[in-house]
Every structure is written in C-alpha cells, then in structure tokens.
2 protein chains.
Amino acid sequence: MTCMQNPRSTKQRRAIMEVFDRQKSHLAAEEVYQLVRNQLPKISLGTVYRNLEALSQQGDLQKTMFPDGKARYEGTKDEHHHHIVCIGCSNIMDISICPLKPEVKELLNTEDFEAVYHRFEVYGYCKDCREKEKALKEKG
Amino acid sequence: MTCMQNPRSTKQRRAIMEVFDRQKSHLAAEEVYQLVRNQLPKISLGTVYRNLEALSQQGDLQKTMFPDGKARYEGTKDEHHHHIVCIGCSNIMDISICPLKPEVKELLNTEDFEAVYHRFEVYGYCKDCREKEKALKEKG
DNA sequence: ATCATTGCAAATCTTTTGCACACCA
DNA sequence: TGGTGTGCAAAAGATTTGCAATGAT
C-alpha cells in the first residue's frame, strides 16, 4: 500500500524479476521462492513477499487472486492475455483473445472511476479433471 | 470438493441463503456471519464457512476471490453481471454489460475444456480513493 | 551516513478441520 | 436409527510485520 521513496536494486529483487523475465507466468509466492533459491539459496520467503509487493506497486508485476486462495504474479511486459482456469486442479492456461467490446471500453473510464487494468477469466474443468470425475462416478 | 449425498435443510443453511435472497451481493464470509447472527445469534463462523461451501457446490452461490484475499459470494439467481473493483478500498460495484464476443464464446467449450462460468472485472480507482490520493500528494 | 532491504521468527488473518453432541429425514 | 449438520476450539495455510543487522547509494 505504501510506496517507498527510493527503491533500491538488490540482488534479491533482481533475481526475482529475472524469474519472470524467463517466460515464467502466474507464479505463486511459494513457487517464486523455490525458483529464486536456485540462485540465492539463503533468500527468505518474507523477502520474496516484500519484493513481489514492491514490484507490483511499481508496475513491474501484476498480482491476481485465484480461487485456490493464493495470489499469483505475472510480468507486465508479457503480451496482453487472459486466463482459462480449471476449478478442479487450479491449473491456469493463457488465452490470447481479449473479449473487450468497444461499448464496454467506453464505460471503463468515467469521472467516477479511473480504470487501470481488466481481467477476464473462464472457469471450468480441464480434460484431466473431467476424466477423473468420470472415473469416480463409474466406481461409486 | 466432496459432495454430500443427501444435503439437508437446516435453519442455519436457510438463514444464510435468505441473506443472499435479500438482494445482498458479493459478501465475504465474515459479513455473512454478522448478518446471519441477527437471526441466529448462536451460529458459528465455521458453520457459515461450511454452508457457503456447500451452497456453492450445489450451485446456489458463486464463490469468487478478490484482491484483498477474501472470497466473496453471490446468489446465482442474480442477474448476470460483472464487476468494477477499486484497488484502493476494495469496494465492488456491479456492471450489467457483458463483454463476451461471439468468437470468444466459441472458444469456451472445446474437447479439452468444459467451461462453467466466466468472470470479467475492471480494476482501478474510485472517486473517493482518487481524491484521497490527490490530497496526499498535495500535502507530501 | 542514511535509509531501504534482509533474514528470521513471531504474529495476523482467512479458511479448514477434529470431535462430541444435536438434529433432520 | 443413520448419517448430516452444528458449535467450539484447535489447526492449517498464506501473508504480514517487528526487529536488529546488512547493504545500497
């Protein structure tokens, strides 16, 4: 929430950002932690959280909540895209199509609301989860 | 995740559902708890969570995660709509327009993915938060 | 030198769960 | 009666925070 006045470039912050520059996407904090530990084995989970927050604040990352209750982060330099999310296994896939209609765009910025970004997601079941469900029904 | 075989109608479950039938929308568990306590002062927060989960499973409620890290629930009988969410104060407003384009709809159901519902949200700053921000900059 | 950042651990917050008892069908 | 639901309290999981030490500018 609070913005720092002179953010500094530390090896931790750089290493975290590098993870996202390597094409990685929608990563949870714990996943970032594990990946960064390859470079910096002594980094702490708290530092990862603090940097994910800082990087989101300064616009380098985009933080989003997912139905499993975990926040995930993506690099804002990534191509604009949306998500297909499996309700069963929380797997997230990208879709490149944006559904914004012109008449919706007009509504986004008004004097009462300053739009910053939008989010579109389709929830459902992936192939794996549907097959598991089917197998379950046949047994039970 | 697991479905009960014979869900029963209890006064607690009915009271929770009544809250949503009274036009209430995007309520967090704690808010539901406070509202239901007017009717049933002895209900427990755990029971609220269990029923919100059960009602979501059986399709009476729609559970959604919001950026403040809390799940919110809405009645599925509500008119189809989407949300405008303030990044500053987490206030949620409804918009009735759905941005789905025909070509997107075609993509939602494939042999690899069974779409159940979708979600569209615009994030930004509401009037109040913009004014607070402006006041802060002028002072600092 | 100054002040942001770090590591560690403790604390917070939301949500889940174990258990004994109560209740609906 | 049998299994589902409840209240309570403890547990779990994600995220935040206090603090003294470290590091960037």
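All heavy atoms count here, side chains included; hydrogens, waters and symmetry mates do not. By convention in this document, chain letters (A, B, ...) are assigned in the order of the sequence lines, proteins followed by strands, and residues within each chain are numbered from 1.
Atom pair A:Leu40:CG and C:dG7:P shows a separation of 8 Å (rounding to whole Å applied). Counting to the nearest Å, the P atom of D:dG5 and the CG atom of B:Leu55 are 10 Å from each other. The nearest whole Å value for the distance from the CZ atom in A:Arg37 to the C1' atom in C:dG7 is 13 Å. The nearest whole Å value for the distance from the CD atom in A:Gln12 to the P atom in C:dG7 is 5 Å. For the pair A:Leu27 CG and D:dA14 C1', the interatomic distance rounds to 16 Å; values are reported in whole Å. In this structure, A:Leu52 atom CG and C:dT5 atom P are separated by 14 Å, rounded to whole Å. Distance B:Gln34 CD to C:dT14 P: 12 Å, rounded to the nearest Å. Atom CZ of A:Arg13 and atom P of C:dT5 are 4 Å apart (whole Å).
The main-chain N or O of B:His81 is never found under 3.5 Å from a side-chain atom of B:Ser96 such that the two would form a donor-acceptor pair. With hydrogens and angles disregarded, a donor-acceptor distance shorter than 3.5 Å links the side chain of B:His82 to the backbone of B:Phe120.
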Quick one: what's the B/S/- string for nucleotides 15-25 of chain D, heavy-atom cutoff under 4.0 Å, read 5' to 3'?
BBBB----BBS
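With a 4.5 Å cut-off between side-chain heavy atoms of Ile, Leu, Val, Met, Phe, Trp and Tyr, the cluster of A:Met65 takes in B:Met65.
Every side-chain contact (heavy atoms from CB on, under 4.5 Å) that B:Ser56 has, sequence neighbours left out, goes to B:Leu61, B:Lys63, B:Tyr73.
With salt bridges taken as basic N to acidic carboxylate O contacts below 4.0 Å, none links B:Glu18 and B:Arg14. Remark: B:Arg119 engages B:Glu121 in a salt bridge, criterion side-chain N to carboxylate O under 4.0 Å.
Note on A:Asn51: a side-chain N or O is less than 4.0 Å away from OP1 or OP2 of C:dT6.
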